[in-house]
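This report concerns only the one structure given below.
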Amino acid sequence: MTHSVAEVAVGGAVLAAALAFGAYTIQSTGFAIGATGYELSASFRSVEGISVGTDVRLAGVKVGTVSGISLNAETYRADTTVVLNDGVQVPDDSVIAIASEGLLGGNYVEISPGGSLFYYGAGEEILDTQGSVSLLTLLLRYVGGGAEDTTQ
């Protein structure tokens, strides 16, 4: 079997593109080999727009990722687990909320730190949560609210 130089070059280019795509995928999903951190949990009314791998930010800086989402069959709330980087301490009166990057952007988890001198430890639950707000629901409420009969 003979192979031309062009066939080998094209094959090498395809292989390089596949490796680059794989590296980009791993980087964009937040997957890291040997990453260290600690877990916190939170229970949200709605986690619309959030999935495993979504950024967790504190003051706009990525400090962790969402590592698990499951439905609590008793409370019908979304139980969420986040992994925060080692060295990031969260005061125990902090709020965790689902925020939007903008009208066309995605959602992320935002931690708003409180002023407590005590911090959450590994495995603890953040009790003060705010679920995601559906822009479509807000728009429908606004449009529906404007249709009231004001003549009397």
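Throughout, residue positions are numbered sequentially from 1 according to the sequence presented.
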Not counting sequence neighbours, which residues clear side-chain contact (heavy atoms from CB on, under 4.5 Å) with [X]? List them please.
| X | result |
| --- | --- |
| Ser112 | Val95, Glu110 |
| Pro91 | Asp93, Ser94, Pro113, Ser116, Tyr119 |
| Ser70 | Asp79 |

### Query
So, the side chain of Asn107 versus the backbone of Glu48: is there a donor-acceptor pair under 3.5 Å, distance only?
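Looks like yes, one N/O pair under 3.5 Å.
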
### Task
Give a yes or no answer on whether the side chain of Asn72 reaches the backbone of Glu74 with a donor-acceptor pair at less than 3.5 Å.
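At least one qualifying donor-acceptor pair exists.
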
Between [X] and [Y], which heavy-atom pair has the shortest distance, and what is it?
| X | Y | value |
| --- | --- | --- |
| Lys62 | Asn85 | O-ND2, 4.1 Å |
| Val83 | Glu39 | CG2-CG, 3.7 Å |
| Arg77 | Thr129 | NH2-OG1, 3.5 Å |

#### Entry: Spacing of Phe118 atom CZ and Asp92 atom CG [to the nearest 0.5 Å]
7.5 Å

### Message
Can you list everything that forms a side-chain hydrogen bond (donor to acceptor under 3.5 Å, both in side chains) with Arg45? Sequence neighbours excluded, please.
### Response
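None.
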
### Query
Other than Val90, what residues sit in its cluster of Ile, Leu, Val, Met, Phe, Trp and Tyr side chains whose heavy atoms are under 4.5 Å apart, directly or through others?
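Reading the cluster by chain and number, Val90 sits alongside Tyr38, Leu40, Phe44, Val47, Ile50, Val56, Leu58, Val63, Val66, Ile69, Val82, Leu84, Val88, Ile96, Ile98, Val109, Ile111, Tyr120, Ile126.
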
